[in-house]
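Down below is the structure, laid out as structure tokens.
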Amino acid sequence: MNHDSYSDDYIRGILNSVRSFAIVGASANTVRPSYFVLKYLLDKGYTAIPVNPGKAGSEILGQKVYASLRDISGPVDVVDVFRNAQAALGITKEAIEIGAKVVWMQLGVRNDEAAGLAEEAGLKVVMNCCPKIEYARLSGEIGWAGVNSRAISSARPKLAPKGVQHRILRKT
Amino acid sequence: MSDEKIPSFNTLAIHAGAQPDPATGARATPIYQTTSYVFDDVDHAASLFALQAFGNIYTRIMNPTQGVLEERVAALDGGTAALAVASGHAAQQLVFHTLLEPGDKFIAGRQLYGGSINQFNHAFKKFDWEVVWADTTKPETFETALDDKVKAIFVESLANPGGIVVDIEAISKIAKKAGIPLIVDNTMATPYLWRPKESGADIIVYSLTKFLGGQGNSIGGMIVDCGTFDWMASGKYPTLSEACESYNGMKLAETFGNFAFAIACRVLGLRDLGPCISPFNAFLILNGIETLPLRMQRHCDNALAVAEWLEKQDQVSWVSYAGLTGDPCHELAKKYMPKGAGAVFTFGLKGGFEAGVKLVSNVKLFSHLANIGDTRSLIIHPASTTHSQLTPEQRTAAGAGDDVVRLSIGIEDASDIIADLEQAMAQAG
């Protein structure tokens with residue numbers, strides 16, 4: 001599979017079919033990108049579990065922080081990697097071990113060896129992307145910030161039940 | 001629709017950024033004429049102010065009509081994001097406010113819109129930003145003007161007033177080697193004729209007032225972030241790379257990646273300096289852009305017909321239009337803007353100052369005014385108007401000698417445009 005760019009259908013398919021994210025490298029610092037993503041995913045109704053050995057046992061945004069993926073008791077659909085490309089390999093091996101369906105590496109993170117292992121094990125892979133940006137792009141929210149969504153549609157955007165300033169993804 | 005194929009230019013000009021209104025189903029983009037927006041709840045409000053969520057707070061910073069306009073122009077240019085502001089001048093102000101610190105310099109090509117020359121020479125001095133001038137027709141002069149304090153290069157793609165086509169690729173190489181961004185004012189070409197990102201621009205600015213809006217009814221400006229510059233690579237751009245005090249120590253380049261520049265211009269420059277575009281102007285300009293490809297092609301076709309006719313007239317000593325075979329910029333025009341060389345150009349009258357004054361006094365279809373890029377054909381004699389305060393020597397140096405007439409060719413029938421010039425020139429002698 002080509003990892004230089006992904007089709008909207010591929011990304012939308014993942015975001016529409018998963019329920020839970022583990023955020024590896026989640027920060028408690030409210031201005032860090034990993035904190036933004038955790039907060040945004042929770043806001044969109046996903047389960048979002050922070051993973052950070054230095055913070056294990058504490059809470060971020062009311063969510064218990066785990067030391068490693070293996071410590072999480074419930075199901076994890078997506079492992080979101082907020083670590084560098086080198087660390088992504090070990091994290092991917094763990095993601096395969098715990099039965100995750102998707103390995104997602106953040107903007108600036110790409111490890112083709114890890115991607116190959118994950119794909120062999122039947123997982124989907126996204127690299128050098130941010131789930132918050134992708135969700136906001138495909139739901140139309142990102143246009144409020146003047147960002148080019150690279151998508152056009154004649155369908156009415158779908159409002160979230162919680163308010164008009166929240167949009168949710170369409171199924172197709 | 002799948003993004004396996006990004007829609008082409010004409011489709012983007014109509015659809016990019018615009019979906020039916022989620023509240024009413026309105027298909028045309030509504031004019032959201034409001035100052036402010038109700039928060040969904042307290043946590044939502046806090047998220048918006050902390051930039052953790054996308055959404056609307058206050059129309060000085062963002063507005064949904066404006067947002068559609070921004071995404072539309074970003075898409076046409078192939079940029080990552082854009083910011084619409086009150087005018088082209090405001091766009092330049094915010095770009096430099098985001099890039100420069102007091103004591104910094106930037107290099108600008110000398111062949112520029114006169115209003116930009118004033119802004120750079122005088123208004124920017126009060127911010128302690130220094131412009132260093134180079135010659136757009138000699139790219140090597142940008143290299144020799146470089147020093148440690150230079151943080152950016154600024155040029156027009158198709159330059160005022162004589163339709164000079166600038167070798168953006170050559171200047172981009174110099175900017176990349178120096179590790180500084182290249183800013184291109186693409187007002188006269190528009191993305192229909194030229195997409196400067198493909199020639200190496202990092203930031204594109206527009207006066208939307210001209211061809212993009214295109215109908216002479218609204219002032220507006222735009223900043224397009226091409227997403228090509230690495231703001232974290234050096235310490236030269238602290239506004240983007242350093243912890244931002246007014247956002248609790250957030251690093252904008254780290255948080256917003258390849259659209260951080262557009263976000264910084266909005267959440268710092270626009271928030272704090274305030275030159276926002278009105279929602280009504282955003283709406284009118286958005287409507288104009290839907291017909292940009294049709295209008296721009298007609299502008300160019302008419303301009304070429306008029307220039308070719310002028311060349312043959314006895315009263316005319318020279319015509320400066322890059323679309324003409326034999327023009328010094330013709331080869332660059334063929335390379336960078338094969339669909340047409342734009343619609344603004346100058347020509348000289350053998351009868352000098354007097355003939356120029358008589359010509360603008362006797363036109364019936366052309367409007368005598370100081371603007372360009374209208375559906376209507378426009379004419380001005382710079383020596384008796386925009387440049388009348390200068391000495392004859394200064395006027396000549398600025399490309400506004402006594403004999404110079406500037407035209408902005410509209411989208412009327414070319415035969416009527418030519419007939420008007422013919423009758424007015426007959427009276428001018």
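What you see below is based on every heavy atom in this structure, not just the backbone, and it leaves out hydrogens, waters and symmetry mates. Naming convention: chains lettered A, B, ... in sequence-line order (proteins, then strands); numbering from 1 in each chain.
Here B:Thr80 contributes atom OG1 and A:Ile133 contributes atom CD1; the two are 10.0 Å apart, rounded to the nearest 0.5 Å.
Proximity to chain B (any heavy atom under 4.5 Å) is shown, for A:Tyr10, by neither the backbone nor the side chain. Heavy atoms of B:Val267 lying under 4.5 Å from chain A are absent altogether. Looking at B:Leu83, neither its backbone nor its side chain comes within 4.5 Å of chain A, counting heavy atoms on both sides. Residue B:Ala84 does not touch chain A at all, counting heavy-atom pairs closer than 4.5 Å.
Interface summary for chain B: among A:Leu107, A:Ile142, A:Val37, A:Asp43, the most heavy-atom pairs under 4.5 angstrom belong to A:Ile142. Of the residues considered (B:Gly257, B:Ser47, B:Gly249, B:Ala262), B:Ser47 shows the highest number of contacts with chain A, using heavy-atom pairs under 4.5 Å.
Applying a 4.5 Å heavy-atom cutoff, the residues of residues 24-36 of chain B that approach chain A are B:Thr24, B:Gly25, B:Arg27. Contact residues of residues 17-31 of chain A toward chain B are A:Thr30, A:Val31 (heavy-atom distance under 4.5 Å). Of all residues in residues 14-21 of chain B, those placing a non-hydrogen atom less than 4.5 angstrom from a non-hydrogen atom of chain A are B:His15, B:Ala16, B:Ala18, B:Gln19, B:Pro20, B:Asp21. Of all residues spanning residues 50-72 of chain B, those with a heavy atom less than 4.5 Å away from chain A's heavy atoms are B:Ala50, B:Leu51, B:Gln52, B:Ala53, B:Phe54, B:Gly55, B:Asn56, B:Met62, B:Gly67, B:Glu70, B:Glu71, arranged by number.
Considering all non-hydrogen atoms of both residues, B:Ala74 and A:Asn148 come closest at O-ND2, 3.8 Å. Across all non-hydrogen atoms, the minimal contact from A:Pro157 to B:Pro22 is O-CB, 3.7 Å.
Sparse packing is recorded around CZ of B:Phe280, with 12 or fewer heavy atoms of other residues, nucleotides or ligands lying under 6.0 Å away. Within a 6.0 Å radius of CZ in A:Arg83, other residues, nucleotides and ligands contribute 12 heavy atoms or fewer. For B:Arg195, the CZ atom sits in a packed shell: over 12 heavy atoms of surrounding residues, nucleotides or ligands are nearer than 6.0 Å.
In this pair, A:His166 and B:His44 present their aromatic rings tilted. The plane angle is within the 30 to 60° band.
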